[in-house]
Novice: 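Once you've had a glance at the structure underneath, I'll fire off some questions.
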Amino acid sequence: MISNMQKIKYTLLIGLATAFFSLFLTSCGENYPENIESPNQVVLKSIKIVNAGKEGNTVVEGVIDENAKTVWFPRIDPETNLSAIKFEAEMSDGAKLNQEAYEFSFEEGNDAKTIVIKIVNEPRFREYFVTLRLNIPVFGADFNKFQIYDNTNNELGNPVYPSFKGLSTRGTGFDGEHVLIVTRATEGSHLLKVEDLKKNEIKPIPLNLTGVAGGTFVVNCGAQIHGHTYIANLSGGLVSPLKIYHWTDPTKEPEVIANINKANIEGAGARHGDNLSVNVDENGNGYMFFGDNAVTQILRLKVTNFTSISEPTILPTQTGVTGFMNMNRVGKTEEYLLTGYEVPIMVTSNEAQVSYKMKNASIPLTGSDPRVVYFNDERYLLMTTAARRGDDAVAMYVYDITKGSSIAEALKIFEEGTMQPLYQYPLLGPINSAPSTQSGWFVEKDAEGNDDKLLLFSASADAGFVIVEFPKKTLDD
């Protein structure tokens, strides 16, 4: 039973608790007022540049993406005063730009610049990313756009080309119209039309191998250049003949353009044919280079009219070029790029005298068959890496070496920069005892004779081959 006194105490406690709770609610209401919607909006409705052009009187309308908070303008005259761009904008009532003018500082070589502008309507503000692009000529290839025609171990394309197995295919060639496959596999050496490969069609064109005989291996390496096919055997001794064959029609018997007894060449090494670098111009004049397997010398042969071989000359070699060296001419100059897979790229004369040597760590040291590529007023370094040991990779690499008047100066400037590749593609080749690799390039022209597409080629023993096509760079709106 609860007494009257207890009832009075209980009622009093309930009353005090109720009063305290009411006071608490009143206090909270004073400290946390209800949210009041502000009328000060910060929406950018339209915007235009009012001082574009050389004279500063051209108006350029912008396009606003409110969701992304971006502003896009058509390309503007590069003679615009980029240090004081003035905008005229339609905004929410009371809103204004946070500055009267804006500076767009373009880094060298860039044609676009993005800054942040702020729309203010106190106490609110909103930021937009504004991009200006210059209407300037563009050069070179667009390495962000490409078509890949793959026959390598890379899973992105077709399976590795069938003859690239058991080190039976160590030589290839590429001239933009055909791929040459030099192989000891049962299908025999043959050509493939690039046009067919682009349609994902494999239609081998067998080479007539009548009379192709002799040497340690009958065929081992080759080159495809200006529609001419060359194949050399592997000559494993001084008395073993070094033979070079030539075709312009794959259905006809080849012409034997060299049958060399190296014992008759003073200073000649014992084994040739692991490598072959053919450097002839459109008239078929130039040089071929063979490095011997023991890396004691380089054999240079003069070539005239594609088929006349003369003046065998022994040149000095460089430690590290290995038995899989390459020596490729730089454009129409008298300079060459010499390397193997254990030494950096060197610039030499046609007598193999070194005038410039890259640093070991500038680019992958295993880079082989380096070539200087010219396309749409830019210059690139192309190479294919070889895999001999450890974690060596097989990949195509492309670098920008446009700056510089000479190739030596271009490589020096390159080594002073970031040295990042413009493009690379892995062939996923295995490590092997004969890491023979090749590269190649070709420029397709448009109807007016201007550079239109750049085709790059890369191949390696037991890795397969790939062609990658790039369009010329264009201004996009």
Novice: Verify the neighbour count for atom CD of E127: are there more than 12 heavy atoms of other residues, nucleotides or ligands below 6.0 Å?
Specialist: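 More than 12 within 6.0 Å, yes.
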
Novice: Donor-acceptor pair, distance only, cut-off 3.5 Å: does the side chain of E448 make one with the backbone of N450?
Specialist: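 No, the answer is negative, given that no donor and acceptor are paired below the 3.5 Å cut-off.
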
Novice: Centres of the F375 and Y380 rings: under 6.0 Å?
Specialist: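 Not close enough - the centres of the two rings lie 6.0 Å or further apart.
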
Novice: What's the spacing between R126 CZ and R124 CZ if we round to 0.5 Å?
Specialist: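 R126 atom CZ to R124 atom CZ measures 8.5 Å (nearest 0.5 Å).
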
Novice: Can you tell me if H246 uses its side chain to pair, donor with acceptor, with the backbone of I244 under 3.5 Å?
Specialist: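 Not a single qualifying donor-acceptor pair exists.
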
Novice: What I want to find out is whether E334 reaches R329 closely enough, with some N-O distance under 4.0 Å, to be called a salt bridge.
Specialist: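 Salt bridge between E334 and R329, a charged N being under 4.0 Å from a carboxylate O: yes.
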
Novice: Could you check if a side-chain atom of Y336 sits within less than 4.5 angstrom of a side-chain atom of V330, using non-hydrogen atoms only?
Specialist: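 No, side chains not in contact.
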
Novice: Looking at L338, V347, V343, which one forms a side-chain contact (heavy atoms from CB on, under 4.5 Å) with K357?
Specialist: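 By the side-chain contact (heavy atoms from CB on, under 4.5 Å) criterion, K357 pairs with just one of L338, V347, V343: V343.
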
Novice: Treating T313 as the side-chain partner and E311 as the backbone partner, does any N or O pair qualify as donor plus acceptor under 3.5 Å?
Specialist: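 Confirmed, T313 side chain pairs with E311 backbone.
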
Novice: Would you check if D65 and W72 make a side-chain contact, meaning some heavy-atom pair closer than 4.5 Å?
Specialist: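 Not in contact.
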
Novice: Tell me, please, which residues at least two apart from K69 pass salt bridge (Lys or Arg N to Asp or Glu O under 4.0 Å).
Specialist: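 Applying salt bridge (Lys or Arg N to Asp or Glu O under 4.0 Å) to K69 gives E66.
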
Novice: Any chance the side chains of T183 and T169 put a donor and an acceptor closer than 3.5 Å?
Specialist: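 Yes, because at least one side-chain N or O of T183 sits under 3.5 Å from a partner of the opposite role on T169.
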
Novice: What do the steps show when you test L381 against Y397 for side chain to side chain contact (heavy atoms under 4.5 Å, CB included), and what is the final call?
Specialist: CA-CA 8 Å; L381 175 64; Y397 283 87; over 6 Å; no

Novice: Can you pull the side chain to side chain donor-acceptor pair (under 3.5 Å) pairs that have at least one residue in residues 135-149, sequence neighbours excluded?
Specialist: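 Residue pairs passing side chain to side chain donor-acceptor pair (under 3.5 Å), neighbours aside: none found.
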
Novice: For the pair D451 (side chain) and N376 (backbone), establish whether a donor and an acceptor sit closer than 3.5 Å, ignoring hydrogens and angles.
Specialist: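 Confirmed, D451 side chain pairs with N376 backbone.
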
Novice: If you measure from CD1 on I225 to NE2 on H178, what distance do you get to the nearest 0.5 Å?
Specialist: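 Taking CD1 in I225 and NE2 in H178, the distance rounds to 15.5 Å.
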
Novice: Quick one: closest heavy-atom pair of L427 and S460, and the distance?
Specialist: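 Heavy atoms only, the tightest pair is CD2-N, 4.2 Å.
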
Novice: Under 3.5 Å, sequence neighbours excluded: what are the donor-acceptor pairs made by side chains of residues 282-289?
Specialist:
residue : atom : partner : partner atom : Å
N285    : OD1  : N305    : N            : 2.9

Novice: How would you list, by chain and number, every residue that makes a salt bridge (Lys or Arg N to Asp or Glu O under 4.0 Å) with K473, sequence neighbours excluded?
Specialist: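 For K473 there are no salt bridge (Lys or Arg N to Asp or Glu O under 4.0 Å) partners, ignoring immediate neighbours.
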
Novice: Counting heavy atoms not belonging to E100, are there more than 12 under 6.0 Å from its CD?
Specialist: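 No.
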
Novice: Please determine, by modelled atom types, if Y425 and D150 share a side-chain donor-acceptor pair under 3.5 angstrom.
Specialist: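 Yes.
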
Novice: Check the orientation of W247 and Y245. Use parallel for under 30°, tilted for 30 to 60°, and perpendicular for over 60°.
Specialist: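 Tilted, since the angle between the ring planes falls between 30° and 60°.
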
Novice: Rounded to the nearest 0.5 Å, what separation is found between the CG atom of L180 and the OG atom of S189?
Specialist: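 It is 7.0 Å, given to the nearest 0.5 Å.
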
Novice: Side chain to side chain donor-acceptor pair (under 3.5 Å) for D462 and N432? Distances and angles first, verdict last.
Specialist: CA-CA 8 Å; D462 284 9; N432 63 64; 5.2 Å; no

Novice: For E103, is the CD atom crowded, meaning more than 12 foreign heavy atoms sit under 6.0 Å from it?
Specialist: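 Yes, the 6.0 Å shell around CD holds more than 12 heavy atoms from other groups.
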
Novice: Is there a side-chain contact between V71 and F129 (heavy atoms, below 4.5 Å)?
Specialist: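 Counting from C-beta outward, V71 and F129 never come under 4.5 Å.
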
Novice: Is the distance between the ring centroids of Y423 and F470 less than 6.0 Å?
Specialist: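 Yes, ring centres under 6.0 Å apart.
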
Novice: Checking the side chain of R75 only, and the main-chain atoms of L134 only, is there a donor and an acceptor separated by less than 3.5 Å?
Specialist: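 Flag set: sc R75 to bb L134 pair under 3.5 Å.
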
Novice: For K198, look at atom NZ and say whether over 12 heavy atoms of other residues, nucleotides or ligands are found less than 6.0 Å away.
Specialist: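 Atom NZ in K198 is packed in, count exceeds 12.
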
Novice: For Q297 and L299, what are the C-alpha separation, side-chain angles and deciding distance, and is it a side chain to side chain contact (heavy atoms under 4.5 Å, CB included)?
Specialist: CA-CA 7 Å; Q297 52 82 56; L299 172 61; 3.9 Å; yes

Novice: Examine distances only and state if a side-chain atom of N326 and a backbone atom of P370 form a donor-acceptor pair shorter than 3.5 Å.
Specialist: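 Checking the backbone N and O of P370 against the side chain of N326, no donor-acceptor pair under 3.5 Å is found.
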
Novice: Is the ring pair F306/H226 parallel, tilted or perpendicular, if the boundaries are 30 and 60 degrees?
Specialist: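 Rings of F306 and H226: perpendicular, over 60°.
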
Novice: Would you please test N51 and N57 for side chain to side chain donor-acceptor pair (under 3.5 Å) and show each step?
Specialist: CA-CA 5 Å; N51 66 332; N57 55 7; over 6 Å; no

Novice: Determine yes or no for a side-chain-to-main-chain donor-acceptor pair under 3.5 angstrom, with E415 supplying the side chain and K359 the backbone.
Specialist: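 Here the side-chain-to-backbone pair exists.
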
Novice: From D391 CG over to R389 CZ, what is the distance, rounded to the nearest 0.5 angstrom?
Specialist: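 Spacing of CG (D391) from CZ (R389) equals 11.5 Å.
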
Novice: Just jot down the side chain to side chain contact (heavy atoms under 4.5 Å, CB included) partners of T58, sequence neighbours excluded, or say none.
Specialist: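 Result, side chain to side chain contact (heavy atoms under 4.5 Å, CB included) vs T58: A52, V60.
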
Novice: Would R300 and N350 count as a side chain to side chain contact (heavy atoms under 4.5 Å, CB included) here? Give the steps.
Specialist: CA-CA 9 Å; R300 185 186 72 186; N350 64 25; 3.4 Å; yes

Novice: Are a donor atom and an acceptor atom from the side chains of S349 and Q353 found within less than 3.5 Å of each other?
Specialist: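 Per modelled atom types, S349 and Q353 side chains form no pair under 3.5 Å.
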
Novice: Going by distance alone, is a donor N or O of one side chain under 3.5 Å from an acceptor N or O of the other, for N154 and T152?
Specialist: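 N154 vs T152: no donor-acceptor pair found between side chains.
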
Novice: Aromatic ring centroids of F174 and F442 under 6.0 Å?
Specialist: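 Centroid separation for F174 and F442: 6.0 Å or greater.
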
Novice: Hey, mind stepping through T366 and T385 against side chain to side chain donor-acceptor pair (under 3.5 Å) and telling me if it holds?
Specialist: CA-CA 5 Å; T366 56; T385 53; 4.6 Å; no

Novice: Show the nearest heavy-atom pair for residues A387 and V394, with the distance to one decimal.
Specialist: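 What the structure gives for the nearest pair is CB-CG2, 3.6 Å.
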
Novice: Quick one: are the ring centres of F87 and Y102 less than 6.0 Å apart?
Specialist: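 Here the rings of Y102 and F87 have centres that are less than 6.0 Å from each other.
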
Novice: If only atom types and distance count, is the side chain of R379 paired as donor or acceptor with the main-chain N or O of I401 below 3.5 Å?
Specialist: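 Yes, because the side chain of R379 sits within donor-acceptor range (under 3.5 Å) of the backbone of I401.
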
Novice: Can T248 and T229 be said to form a side chain to side chain contact (heavy atoms under 4.5 Å, CB included), step by step?
Specialist: CA-CA 6 Å; T248 53; T229 302; over 6 Å; no

Novice: Between L132 and F106, is there a side-chain heavy-atom distance shorter than 4.5 Å?
Specialist: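 Sidechains of L132 and F106: in contact.
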
Novice: Determine whether the side chains of S458 and S439 contain a donor N or O and an acceptor N or O closer than 3.5 Å.
Specialist: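 Distance-only check fails for S458 and S439.
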
Novice: Return yes if some donor-acceptor pair links the side-chain N/O of N81 with the main-chain N/O of E55 below 3.5 Å, else return no.
Specialist: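 Side chain of N81 to backbone of E55, a donor-acceptor pair under 3.5 Å: no, none is there.
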
Novice: Check K472 with E378, please: is the shortest side-chain N to carboxylate O separation under 4.0 Å?
Specialist: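 The answer is no: the pair does not qualify as a salt bridge.
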
Novice: Calculate, to the nearest 0.5 Å, the distance between atoms CD and NZ belonging to E201 and K199 respectively.
Specialist: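 Here the interatomic distance stands at 5.0 Å.
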
Novice: Using modelled atom types and a 3.5 Å cut-off, is there a donor and acceptor pairing between side-chain atoms of Y128 and backbone atoms of L44?
Specialist: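 Yes; at least one donor-acceptor contact below 3.5 Å.
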
Novice: Going through the distances and angles, do Q438 and D369 end up as a side chain to side chain donor-acceptor pair (under 3.5 Å)?
Specialist: CA-CA 6 Å; Q438 296 86 43; D369 206 18; over 6 Å; no

Novice: Just by distance, with hydrogens left out, do R184 and S168 show a side-chain donor and acceptor under 3.5 Å apart?
Specialist: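 The answer is no; no qualifying pair exists.
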
Novice: Got a sec, which residues hit salt bridge (Lys or Arg N to Asp or Glu O under 4.0 Å) with E107, two or more places apart in sequence or on another chain?
Specialist: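 Here the qualifying residues are K113.
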
Novice: How long is the span from the CG atom in N328 to the CE atom in M383, to the nearest 0.5 Å?
Specialist: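 Answer rounded to 0.5 Å: 13.5 Å.
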
